[in-house]
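Worth knowing before you read on, the calculation uses all heavy atoms, side chains too, and leaves out hydrogens, waters and symmetry mates.
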Amino acid sequence: MQELLIAIFNGISIGSVLLIVALGLAIIFGLMGVINLAHGELIMLGAYTTFVVQNICNSIGKPIANIYIFLTIPIAFIVVGIAGLILEKSVIRFLYGRPSETLLATWGVSLILRQFVRSVNGVLIIGITIFCILYFGNLYFLKKRRSDWDKIKNLARAIIFFLSLGISITCGFLLTNPKLVKPWFSSRNIDVTAPIWLQGGLPIGDFQLPYSRVFIIILTAISLLGIYLFLNQSNWGLRIKAVTQNRSMSACLGIPTNQVDSITFFLGSGLAGIAGCAITLLGSVGPNTGQNYIVDAFMVVVVGGVGNLFGTVIAAMGIGIINYLIGSGAIALILGNTDSFKFLTDLFNFFATTSMAKVIVFVLIIVFLQLKPAGLFPQKGRGVEL
C-alpha cells in the first residue's frame, strides 16, 4: 500500500508539471483556437528568466537568495506574458482563422527564439533597442505630424524599417568589446539551484516526498484557482468566455474583441512563464527544453476537451499517473511475482521504461479519441455549433 501511495504521489507530481505546462496552452489553444507551436519556447523563456533572477538575487545576498522563487514567479509571468503579447500583435493577429499558416508561423517563431537564446549577447540587445527606438519613434512622430499618414503609411513603414535595420546592424558591427560580444547563455544547459528550504524531502517510511515537487503541486493548484476565478469572476474573464462562445455576437454587443485576444494571449503566455519557473526545480534547462513538453501539453488539452479547464486537470493527472505507474515499473512491483499475476508482471516489466510508457500512453489516447474525438468534456455553445 505504501508503494502504491508513493507511486500515486509521483504520478500526481508529474501530472502537476503537465498541468501547469498545459494551462497556458489551454487558454491559447482552447479558448482562442490558435495552434501555438512556440508555446514550448515561451516556457523556455520562463526558465531562463528564473535563471537570471536567481543570479541577481545571489549577487544581492543570502536572505534575498532564499526567497528568489517568490520574486521569480510574477517576474516570469510578466516577462513571458509581454513576449506572448508581442507575438500576438506582430504575427498571430494577422492569421486568425487560418490554422495552417498560424502553425507554420509559430513554428518559425519557435526556431527564432531558440536561436535567440543561444546567440543573445550585449551587442544584439543594443542593436534591437536601437532598432525599436528608431522604427517605432519615427512611426509615432510621422503619424502625429503628417495629415496624409493614411496615404503614405505603407511606404513610410518600409523605408523606416530598412533604415532603422541598417543603422542598428552598423552599430552592432562597430561594437567590438569582448564583454558585449560574449554570448550570455550559449547552447549549453543551465542549472537553477532550488532554495535551501526546497531541498530535501518529507520522509514517509522508507521514502521521501521531495519538497520541490510538493511546491510545484501547490503552485499548480494556486495557478488553476487564479485562472478559474479570473475567467468566472472578473469582467475581462467573462468577456473572454463570451468571445469564445460567439465572437461576432460579442463584437455586436460592444466587447473589444481585439483587446480580448491580446489579454488572452498575455494570460496564456504568462502561465507558460510560470511553468518555466516550475520546471527549473526538476533539473537543468536549455534552448530545447520547451520541445520536451509541447507534445504532452497538446495531448493534455485535446484529451481533456478543448477549452475546458476541468477536463485539462483530469487529463493531466490521468496521463501523469498512468505514465509513472507504467514507466517506473510500479504496477509490476505491486502485482508481485506470484503465479497468478506472472504474465501481467512480465508484461508490465517489459514496458517499464520511460520511452515505452509514452508509447503505451499514446496508444491509449489514440483509442480514447476514436471513442470520444472531442475529449472528456467537449465544448458547448453556439460557437461550437457554427
Side-chain angles (χ1 to χ4, degrees), residues 19-39 42-43 77-78 80-106 109 223-275 294 297-298 300-316 373-386:
L19 178 57
I20 199 169
V21 168
L23 268 180
L25 196 62
I27 300 293
I28 295 173
F29 176 52
L31 298 183
M32 298 179 68
V34 174
I35 303 174
N36 181 20
L37 290 184
H39 188 77
L42 295 177
I43 295 170
F77 180 86
I78 294 171
V80 181
I82 292 173
L85 190 61
I86 294 172
L87 174 62
E88 192 273 336
K89 288 186 175 296
S90 60
V91 178
I92 304 296
R93 174 156 296 184
F94 307 102
L95 300 174
Y96 284 126
R98 297 155 62 186
S100 57
E101 287 90 339
T102 305
L103 187 147
L104 289 173
T106 54
V109 170
S223 301
L224 184 64
L225 178 62
I227 292 301
Y228 176 81
L229 293 176
F230 175 79
L231 291 177
N232 291 279
Q233 302 296 329
S234 69
N235 291 332
W236 280 108
L238 295 175
R239 288 168 184 166
I240 290 173
K241 294 180 72 174
V243 172
T244 301
Q245 291 292 317
N246 195 317
R247 172 177 288 270
S248 57
M249 181 60 71
S250 300
C252 292
L253 293 173
I255 295 176
T257 54
N258 287 339
Q259 291 183 28
V260 168
D261 292 338
S262 298
I263 290 173
T264 304
F265 222 91
F266 176 85
L267 183 63
S269 301
L271 288 170
I274 295 177
I294 187 66
F298 271 108
V300 167
V301 173
V302 172
V303 170
V306 175
N308 191 295
L309 289 181
F310 181 71
T312 303
V313 175
I314 300 299
L376 286 171
F377 301 97
Q379 200 178 37
K380 298 178 181 179
R382 293 182 181 272
V384 178
E385 295 170 5
L386 294 174

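- Residues that satisfy the side-chain contact (heavy atoms from CB on, under 4.5 Å) test with A316, not counting sequence neighbours, are L18, L19, V300.
- By the 4.5 Å heavy-atom criterion applied to side chains, R239 and S250 are not counted as neighbours.
- Under the side-chain contact (heavy atoms from CB on, under 4.5 Å) criterion, I82 pairs with I78, I86, F266, not counting sequence neighbours.
- Side-chain atoms of T106 come within 3.5 Å of backbone N or O of I35 as a donor-acceptor pair.
- The closest side-chain heavy-atom distance from F77 to L267 is below 4.5 Å.
- T312 and A26 get closest at one heavy-atom pair: OG1-CB, 3.9 Å.
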From CA spacing to verdict: side chain to side chain contact (heavy atoms under 4.5 Å, CB included), T264, I27: CA-CA 7 Å; T264 304; I27 300 293; 3.5 Å; yes
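- Scanning all heavy atoms of the two residues, the minimum distance from W236 to Q259 falls at CH2-OE1, 3.4 Å.
- The side-chain heavy atoms of L87 and N36, taken from C-beta on, include a pair separated by under 4.5 Å.
- Annotation: ring pair (Phe, Tyr, Trp, His ring centres under 6.0 Å) contacts involving residues 238-265, sequence neighbours excluded, are absent.
- Rounded to the nearest 0.5 Å, atoms CD1 (I227) and CG (L23) are 6.5 Å apart.
- When the side-chain contact (heavy atoms from CB on, under 4.5 Å) test is applied to L95, the partners found at least two apart in sequence or on another chain are V91, R98, E101, T102, A105.
- Heavy-atom minimum distance, A272 versus L42: CB-CB, 3.9 Å.
- In this view, N258 satisfies the side chain to side chain donor-acceptor pair (under 3.5 Å) rule with no residue, not counting sequence neighbours.
- Scanning for ring-ring contact (aromatic ring centres under 6.0 Å, His included) contacts around F310 gives F377, with sequence neighbours left out.
- Expressed to the nearest 0.5 Å, how far CD1 of I240 lies from CG of N235 amounts to 11.5 Å.
- Nearest heavy-atom pair, A297 versus A22, reported as atom, atom and distance to 0.1 Å: O-CB, 4.0 Å.
- For residues 259-272, the pairs satisfying salt bridge (charged side-chain N to carboxylate O under 4.0 Å, His left out) are R247-D261, with sequence neighbours left out.
- In terms of the side-chain contact (heavy atoms from CB on, under 4.5 Å) criterion, residue partners of I294 (sequence neighbours excluded) are, by chain and number, H39, Q291, F298.
- Using a 4.5 Å cut-off on side-chain heavy atoms (C-beta onward), I28 and I92 make no contact.
- Shortest non-hydrogen contact noted between V21 and I43 is CG1-CD1, 3.4 Å.
- Across S269 and G84, no two heavy atoms sit closer than the pair OG-CA, 3.2 Å.
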